[in-house]
Amino acid sequence: MADTKREIERKYESDDSGLPDLTGVAGVDAVVDKGVAHLDATYYDTADERLAAAAITLRRRTGGSDAGWHLKFPVAPGVRDEIHAPLSDTLPADLTALLRSRVREAELRPVVRLRSDRDLRDLVDAGGRLLAEVSVDAVHAERLTGDGGAVQWTELEVELADGGDPAFLDKVDKRLRKAGVRPSTSSSKLARALAETAPPTKGGKRKRKPRAPKTAGDHVLAYVREQRDALVALDPAVRQDVHDSVHRMRVATRRMRSAFRSYGKVLDRTVTDPVGEELKWLAGELGVDRDAEVLTERLKARLDELPGILLSGPVRTRLDTWTNARRSGSRRRLTGVLDSRRYLTLLDTLDALLDEPPLLRGAAGSPDKVIAKAVRKDFGKLSDRVEKALATEAGRDRDLALHEARKKAKRTRYSAEAAVPALGDPATALTRSMKTLQNLLGDHQDSVMTRLTLRELSAVAHAAGESTFTYGVVYGREEARATADEVALPGAWREVTEAMGV
């Protein structure tokens, strides 16, 4: 079984291979010599270096205190999540799964071998508590693909102790800079090895940077590409059950699908509609887990609001049983979806669509005309749905009308989001007001679904001979909350229309 830890570190380089005196760093009582470790690591990637392009590293390392397989995902500059698995001859299956959204059917093969002599020191406080590990690494890197190539360098690395305060690294940084040590220009040893052993590009030319978006097509494709990247990047987090990852992945699928539908004058819908249907399928599969999660959080919050006198019977136990029964099954199902051929084909299809986009004549048009027109069209459809909901009598029909308005509000919000880089402040203001409206309508729909769940739980509790009093109390409070949302809707809608300039 793989273990995960948050790695917070900084890398430095110096013309002097030694380690400056760090005893003067505030909080450091002693610098403890831990000796020299000899590390030998082989890094793996696809032939087109997909992992390196995403700043992901996969290695098999021997030597040192943590020999084994290491998989690292970037979190922020200098921060990575490291997943460690025991040393074995083959890549562990659980690590393979975390790379599937990027690797797919491609082969992982050795690309670089790094051998390092690591002179390790511990920075400890007066109580002997570890603050950080500091090492001087003499590195020999060898490329294992193409024509090969080798390079050597020495670098300093400061890694914060588990649970340490990141501000401590600023103190060490200040001391190192005073000693003439400078931050490394490479994010990792692998990145430096790949850059310095890379064969020269054909004709000595460098790859050109992508040009800034200018046309309507540029802006729409940039938005779709951003969502595709989010979908791929969130896959490992969903597999690891990271909080909110399912929700964020589902939102990425919805944003792409909305862009395809909203910007039909830019991207050919005969091509994008089938892709949109696959995105709808994936969002549905993600929703099985997410919807259960939302309902559970909402019901627990409602129970926490109640005074003890209103809690009657094993309500919390009943809710936990209901949650676990649905979540365990949905988790297994979702993992199966992410391993399925259908899902991986969808990722390949999105890549192909972005590589050769099905652009229409409108794609060459001015963003402030083509994109603004698409947003206005979505707003018009939303307006019809909201006005219909406001005119419908309270009850089931209004609940359904508000749910339809919510779906249109999401689409209008997403089309406005995509328009922000092109249209600026007006699109930002509309996005903000649409988010408020969407949250209001979403809360109303969540209340509808919560009341359905309460009836289900109440029926099961009644059959088991348990008190159903608390379920009724919570039901009444949810009903009142939904009514309050309906009362607030006209005001929220006025804010949206003002933002739209209507």
Side-chain angles (χ1 to χ4, degrees), residues 1-6 44-46 50-51 54 56-58 68-75 80-86 88 90-108 227-257 275-297 300 319-351 449 453:
M1 181 64 68
D3 298 317
T4 303
K5 63 169 287 188
R6 178 63 55 88
Y44 290 75
D45 205 337
T46 60
R50 299 177 195 178
L51 301 186
I56 296 170
T57 60
L58 171 66
W69 288 91
H70 303 154
L71 175 60
K72 299 185 181 185
F73 290 99
V75 176
R80 294 186 291 182
D81 279 340
E82 177 178 297
I83 304 167
H84 180 269
S88 61
T90 57
L91 178 61
D94 46 358
L95 297 191
T96 302
L98 296 178
L99 294 170
R100 190 159 290 130
S101 66
R102 295 191 184 277
V103 175
R104 300 173 206 171
E105 298 301 321
E107 177 188 4
L108 284 168
Q227 307 316 316
R228 186 278 312 271
D229 292 347
L231 179 64
V232 172
L234 284 165
D235 179 293
V238 170
R239 293 175 186 271
Q240 294 177 286
D241 201 16
V242 174
H243 176 69
D244 204 39
S245 58
V246 171
H247 171 62
R248 288 184 291 145
M249 191 176 191
R250 192 183 187 189
V251 168
T253 66
R254 286 174 165 172
R255 282 172 167 155
M256 273 190 285
R257 184 165 177 254
V275 183
E277 286 302 307
E278 290 301 284
L279 289 169
K280 181 180 180 180
W281 159 77
L282 179 57
E285 295 291 350
L286 291 165
V288 172
D289 191 66
R290 174 61 182 169
D291 291 344
E293 182 180 55
V294 169
L295 284 173
T296 298
E297 290 175 355
K300 286 184 175 180
L319 176 58
D320 288 342
T321 301
W322 179 86
T323 299
N324 292 335
R326 281 152 181 77
R327 185 155 178 75
S328 61
S330 63
R331 289 300 306 171
R332 288 194 299 271
R333 178 182 175 87
L334 182 53
T335 300
V337 167
L338 298 183
D339 286 335
S340 70
R341 166 50 46 199
R342 184 175 182 179
Y343 168 69
L344 296 178
T345 298
L346 170 58
L347 296 183
D348 288 340
T349 301
L350 289 171
D351 289 349
M449 299 307 297
T453 302

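Bear in mind that the values here come from a model prediction, so they are computed numbers and not experimental data.
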- Query: Looking at CG of Leu282 and CZ of Arg254, how far apart are the two atoms once the value is rounded to the nearest 0.5 Å?
  - Reply: 11.0 Å
- Spacing of Met249 atom CE and Leu231 atom CG [to the nearest 0.5 Å]: 4.5 Å
- Message: Between Leu295 and Trp322, is there a side-chain heavy-atom distance shorter than 4.5 Å?
- Response: yes
- Message: Just verifying a value: how many Å separate Leu95 CG and His84 NE2, rounded to the nearest 0.5 Å?
- Response: 9.5 Å
- Note on the structure: Closest non-hydrogen atoms of Arg239 and Leu98, given as atom of the first, atom of the second and distance, are CB-CD2, 3.9 Å
- Message: With heavy-atom distances below 4.5 Å as the criterion, would you say the side chains of Val232 and Arg50 are in contact?
- Response: no
- Ser245 side chain to Asp241 backbone, donor-acceptor under 3.5 Å: no
- Note on the structure: Output for pair (Arg255 CZ, Arg250 CZ), nearest 0.5 Å, gives 13.5 Å
- Message: Is the shortest side-chain heavy-atom distance between Arg257 and Gln227 below 4.5 Å?
- Response: no
- Query: So, Asp235 and Arg100, do they make that salt bridge, N to O below 4.0 Å?
  - Reply: no
- Please tell me if the side chains of Ile83 and Asp3 come closer than 4.5 Å, counting only heavy atoms from C-beta onward. no
- Note on the structure: Tightest non-hydrogen contact, residues Leu58 and Trp69, listed as CD1-CE3, 4.1 Å
- Item | Heavy-atom side-chain proximity of Leu347 to Arg104 below 4.5 angstrom | yes
- Assess whether atom NZ of Lys280 is packed by more than 12 heavy atoms of other residues, nucleotides or ligands within 6.0 Å. no
